[in-house]
Amino acid sequence: MVKMVSKRSRLDFEDKETLAEDASKIMKQPLSKLAKKSCGSHEVEENGSVFVRLLKASGLTLKTGDNQNQLGVDQIIFQRKLFQALRKHPSYPKVIEEFVNGLESYTEDIDSLRNCLLSCERLQDEEASMGTFYSKSLIKLLLGIDILQPAIIKMLFEKVPQFLFESESRDGISMPRLIISQLKWLDRIVDSKDLTTQMMQLISVAPVNLQHDFITSLPEILGDSQHANVGKELSELLVQNTSLTVPILDVFSSLRLDPNFLSEIRQLVMGKLSSVRLEDLPVIVKFILHSVTDSTSLEVIAELREKLNVQHFTLPSRIQASQSKLKSKGLASSSGNQENSDKDCIVLLFDVIKSAIRYEKTISEAWIKAIERIQSAAEHKALDVAMLLIIYGTSTQTKKGVERLLRNKIQSDCIQEQLLDSTFSTHCLVLKDICPSILLLAQTLFHSQDQRIILFGSLLCKYAFKFFDTYCQQEVVGALVTHVCSGNEAEVDAALDVLLELIVLNASAMRLNAAFIKDDMHLVIRKQLSSTVFKYKLIGIIGAVTMAGIMAEDRTMPSNSTQRSASVSSEQHTQVTSLLQLVHSCTEHSPWASSLYYDEFANLIQERKLAPKTLEWVAQTIFNDFQDAFVVDFCAVPEGDFPFPVKALYGLEECNTQDGIVINLLPLFFQEFAKDVSQVTSQESSQKSMSPLCLASHFRLLRLCVARQHNGNLDEIDALLDCPLFLPDLEPGEKLESMSAKDRSLMCSLTFLTFNWFREVVNAFCQQTSPEMKGKVLSRLKDLVELQEILEKYLAVIPDYVPPFTSVDLDTLDVIPRSNSAVAAKSRHKGKTGGKKQKADSSTASCTDTLLTEDTSECDVAPSGKSQVDKESTGKEGKTFVSLQNYRAFFRELDIEVFSILHSGLVTKFILDTEMHTEATEVVQLGPAELLFLLEDLSQKLENRLTPSFTKRVCFFKNKGSRNIGFSHLHQRSVQDIVHCVVQLLTPMCNHLENIHNFFQCLGAENLSVNDKARVTAQEHYTMSSCYQKLLQVFHALLAWKGFTHQSNHRLLRSALEVLASRLKQTEEGQPLEELLSQSFSYLQNLQHSIPSFQCGLYLLRLLMALLEKSAVPTQKKEKLASLAKQLLCRAWPHGDKEKNPTFNDHLHDLLCIYLEHTDNVLKAIEEITGVGVPELVNAPKDASSSTFPTLTRHTFVIFFRVMMAELEKTVKGLQAGTATDSQQVHEEKLLYWNMAVRDFSILINLMKVFDSYPVLHVCLKYGRRFVEAFLKQCMPLLDFSFRKHRDDVLSLLQTLQLNTRLLHHLCGHSKIHQDTRLTKHVPLLKKSLELLVCRVKAMLVLNNCREAFWLGTLKNRDLQGEEIISQHPSSPENTSEDSEDGMTSYVSRNRAIEDGEDEANDGQDRDSDESDDSSS
């Protein structure tokens, strides 16, 4: 080391290895050997050298030890004095060398060197006089003197190697860093090139940790002239040592470099981007964005977007949690620190990107364009959505562009919910900072007219709430509440939708925000309750009732609990009652709103347990209101000028006392009916009397309150079960034809109201246990059946009638009976009420659309429900069949508990006298009509809940279609609960099923007398048959439920099967499921002998199939299904005109499919129908049927034909193609099978000569092509290796097929000549298949060295009867090739060989005019 210092040899770039070797040697020497002995007792250095004397003369005193050097003059003055002293020294310039040698000798001591590198101490007076607080080190001051700078720099670089591998001192000072820091920010560099060279040499040999510091110091040390050279050398170093990528790129961002050079570096770095560490990403991305120019921005950003995968560095929290469990506490802490470090790096990375976007418009625009160019949804990444949100929240200039791009992407389904979820889960740390911008974007999207864009805005709020912190969650909820109050329909719907989803998503988090939104929700509810827009009033009612239910909920613990929580306080009770009184006052003038209020409150009472104090207040209030509004004394005389006599009708007991009560229906309803429609619908009524339209809903609330108070006992209101109603005689009789339209509407509306009243009465009292009550309920059920028949009579002659509403459900707002005249009447009604202007085509509009218009008044539908036709329309009336299913929205829903009536047998009802003594007894039972009434409703309920429906997502409070109308109460119960209820009903339903079975067996008994058979009327037969069918439908809906496949529902399935199996013999505990299925199958199969109708037979088949689907060995029973299906097909059913009914045709189609799918030989079954049944039909009279298959008539032939063709094609398509490795027996069996299939196909195709209607021809074209395609794929490979051994069989098969394909060719010509586009659209595909068959047959023959058996000839166009189509003959030889529609036909012959004929015939033909057909003779 001493030798190296004394020589002061210049470090050259080529001496890197020598410098590294010397540095390693120096590292091994102890630091104490390099230190010079201190003077000890003297603090001031006094050695008399030129170095010390000149410094002292210039104003700087050197100190020893840890003391700072003292500067007695200003720094600039010191530098000037020293410069002049050196220049004026007698031995100049040699004195410079002596001065530097003295510095070197002095700094050989580490403490002295350290003092020279640290700032000098300023004397107090100097410091105060100059007013500066910054003092440079001695070395820094000497470097500021030009004549000393080169030598000082050289000395410093010679000093650095001895400290490169030393650790930091106790005070944390690193000598290499301290030495290099002297070179920073020099006012002038004398030899910058030499300085650059020495710096790069030092960097090449320094340790990695110092390399980073030295490289990042380069911009502060070097001058601008050296930036290019440094950049070039650093780029070489970047290639050699990738660990220095970060500091080098950081330096590049601070150097003035050529754009082309930066582009090369950027490409180099971009290639390594996918493999770099996360902590290096921020610097690398910063460099890439810094090097972007206007011309390269789009290309660079597109490549960066492709290779930047932040999701690769984010580990799911659940994986992290599982890993942390496997680690010790120390390792877990280390893992947590690493996780936090990764999060910081990700945040820093996006800070770099946001900074570039904020200050460089080019980058934000390029990023938008790069995302816009992506077309496929699969190519979009979570980073794309995150960047659009970041750009929206960072760059104010590109907000509109981001909104436009997002709309386009959403509408093209490029950005879907799964991608948005991934975006928030991956980038939640970054997106959290721009939460306000995300909510602002969501608000903008809410205003769109496109439902998909509104949904995207909703998802933004949803995921912001899901992934962000508590503060952001409050912001999200606050924004949604603001949207709810906006008044914009789409915005309100979307906000409510999101709030519902958030409650389901994270109820606990929403509870934390409950206090935050409580006051706002109160304001919102009050605002909605007072809204003139009916829809929002309904929302307000639902919200108010829900809020009241939550506030008044009974939170007391059971009596045996150790703790009892406080019940509702007096203050809360007052708040609840005030809120309910507010709702009542806001709805009392609107029957629609009142009805919804009562129904919602009833649902609340049914679902929640209210505090006793609140429940008592509610019950008493509802009881008093109901009694005051609807109940009058029996002796009261109705007042009013009624068009019909008023009577107290439908009373179950004689009311001879003054204590009797009556429902005052007609007087109340007639008051509203008599009003002018415009007054009723355009302004609120000033009277506070209750509308009779609310009768049923008000009673439902009343009885639920009473039942809740008294544990289901309804004795307090049992008088309402048997009390009469003030009504006219509803049975029209012969008066119907002479009634005016107005009177008919009045009577029909009264019938509807009475019908719904009794439905609600049956709902209320169906579970009462006393025989007296049961008998009265059965009587009310008989009244319902009677009223249902009366309704059908009225509706048949009032086709434009709109019934009075019965319950306000958001699903029912837009539903009316399906009748064009009703729509027309409704349109006239809308014209009166001042609704919005309607389009000409209003067939899809609603009779209640005016309720949704934002008018200045509340628009109620005419409560009278009367027909909108003012003039009598007797001339246009005609009795028509009316299906009450179209009016389901206007009927009160029957509860599932009502079907407990099915348990009823014979009930003895006691009739009491005035002194409560038994006066008489009456036996009541559930009759066929009442049974049918219940089964129809139960069947509809099961179809709605147990049959899956695939519907699109709809918005909050939007019409969900007619499927769920009338089933709102049903949908409040789980599917499992409904199934359990039905399973409990299986025993009584089996009883009814067996009774009906016995009825029809007795009816069909040969020993039954003619008089006995005559007593069974057609109506009774129809009712019993319908009950039979509905019972089978209910059984099928239950057993076909897909939920039985879940393990949790197996117990329910066993319970159902045990009931069925026990009807044959006593079941044992733990009986295997397969045995239960077999016994249930046998039980139901026994019903086949009493099937009264075709539909019943079909449902029995479906029921048996549902059982077989659950069996592990269904094949054992398949043949029994086929046998039953054939019996149904071969049976002559009554009411033969039903084959013209589309429903019957659909059922026949299903039955035939079941038969052919379950029979063991489809081809044989088809041959039997076509070979026996069809000839019988052809030879039978016009209106007759086949004697073997009575269901086969001329009307149903097309159904048989379509199913047989479809099943034939399906069968051959499912047959596996043979292979050469199969055994000879397998080849023969498959060849025989194809011979049968082609024979059946031939018989079916030839039937079009007899039955040439469009449906038959269409089936021939469609399934004929499919059969030919199946023959090509499945049969031709078999013929390839079967031809040599079974030559005659194969040729015979091809000959038969050739005749059939020729008929298909004739059918193509028939379709063209008749120009039937429905048929001609199938012709091109069929002709293509026929051409392929020709080529394939030839290839097969060539393969088997039998080319002589194939020849090709011209095939003329013919009609279905084989007659040549004369009109298409060419008029002259010249235009033969142009006008001829003749095609080609191939022949397979055993005796004729024309080897090249096919080629000659093939040469002159145009492919478009070919009518080629495969033929084999």
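Contact between Leu1038 and Val979 at its shortest, heavy atoms only, is CD1-CG1, 3.8 Å. Across all their heavy atoms, Leu1192 and Val1174 have their closest contact at CD2-N, 3.9 Å.
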Chi angles and distances behind the side-chain hydrogen bond (donor to acceptor under 3.5 Å, both in side chains) call for Tyr1083, Glu994
CA-CA 10 Å; Tyr1083 168 69; Glu994 292 167 9; 2.9 Å; yes
Mind running side-chain hydrogen bond (donor to acceptor under 3.5 Å, both in side chains) on Ser1187 and Glu1176 for me, showing each step along the way?
CA-CA 7 Å; Ser1187 58; Glu1176 291 176 351; 3.0 Å; yes
CA sep, side-chain torsions, deciding dist, call: Thr1196, Thr1193, side-chain hydrogen bond (donor to acceptor under 3.5 Å, both in side chains)
CA-CA 5 Å; Thr1196 62; Thr1193 66; 3.2 Å; yes
Passes salt bridge (Lys or Arg N to Asp or Glu O under 4.0 Å), Asp1183 versus Arg1194? Steps please.
CA-CA 7 Å; Asp1183 295 330; Arg1194 281 176 169 78; over 6 Å; no
For ring pair (Phe, Tyr, Trp, His ring centres under 6.0 Å), just list the numbers for Phe1000 and His1021, CA-CA rounded to whole Å, side-chain angles, deciding distance to a tenth of an Å, and then say yes or no.
CA-CA 9 Å; Phe1000 282 109; His1021 187 283; 5.2 Å; yes
Hey, mind stepping through Arg1051 and Glu1058 against salt bridge (Lys or Arg N to Asp or Glu O under 4.0 Å) and telling me if it holds?
CA-CA 10 Å; Arg1051 183 63 241 172; Glu1058 286 172 356; 3.6 Å; yes
I'd like to know whether Gln940 forms a side-chain hydrogen bond (donor to acceptor under 3.5 Å, both in side chains) with Gln885, so could you lay out the CA-CA distance, the side-chain angles of the two residues, the decisive distance to 0.1 Å, and finally the verdict.
CA-CA 10 Å; Gln940 293 168 14; Gln885 293 303 313; 2.9 Å; yes
Please step through salt bridge (Lys or Arg N to Asp or Glu O under 4.0 Å) for the pair Lys1213 and Glu1269, ending with a clear verdict.
CA-CA 9 Å; Lys1213 191 175 181 180; Glu1269 291 175 351; over 6 Å; no
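Between Arg1131 and Thr1191 there is no side-chain heavy-atom pair separated by less than 4.5 Å. The side-chain heavy atoms of Leu1163 and Leu1208, taken from C-beta on, include a pair separated by under 4.5 Å. Side chains of Leu1279 and Leu1293 form a contact here, defined as non-hydrogen atoms less than 4.5 Å apart. In this structure, the side chains of Leu931 and Leu902 come closer than 4.5 Å at one or more pairs of heavy atoms. Leu934 is listed as a side-chain neighbour of Leu926, based on a closest heavy-atom distance under 4.5 Å. For the pair Thr1023/Gln1019, a side-chain contact is recorded, criterion being any heavy-atom separation below 4.5 Å from C-beta on.
Residues Ser1093 and Tyr1028 bring no donor and acceptor atom of their side chains to less than 3.5 Å of each other. One side chain, Ser1111 or Glu1074, offers a donor N or O that lies under 3.5 Å from an acceptor on the other. Side-chain contact, Asn944 with His971: a donor N or O sits under 3.5 Å from an acceptor N or O.
The list of ring-ring contact (aromatic ring centres under 6.0 Å, His included) pairs with a residue in residues 1221-1251, not counting sequence neighbours, reads Phe1197-Phe1251, His1227-Phe1281, Trp1234-Phe1271, Phe1241-Phe1267.
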Report all side-chain donor-acceptor pairs from residues 1253-1262 shorter than 3.5 Å, counting only partners two or more places apart or in another chain.
unit_1  : atom_1 : unit_2  : atom_2 : d
His1258 : NE2    : His1322 : NE2    : 3.2

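Counting only distance, with no hydrogens or angles, the side chain of Asn1049 and the backbone of Thr1045 share no donor-acceptor pair below 3.5 Å. Thr1170 contributes a side-chain N or O that, together with a main-chain N or O of Glu1167, makes up a donor-acceptor pair within less than 3.5 Å.
Counted within 6.0 Å of CD on Gln1224, heavy atoms from surrounding residues, nucleotides or ligands total more than 12; the atom is thus considered enclosed. Other residues, nucleotides and ligands place more than 12 heavy atoms under 6.0 Å from the NZ atom of Lys1110.
Because its NZ or CZ atom is not both nearer than 6.0 Å to the ring centre of Phe891 and within 45° of the ring axis, Arg888 does not count as a cation-pi partner of that residue.
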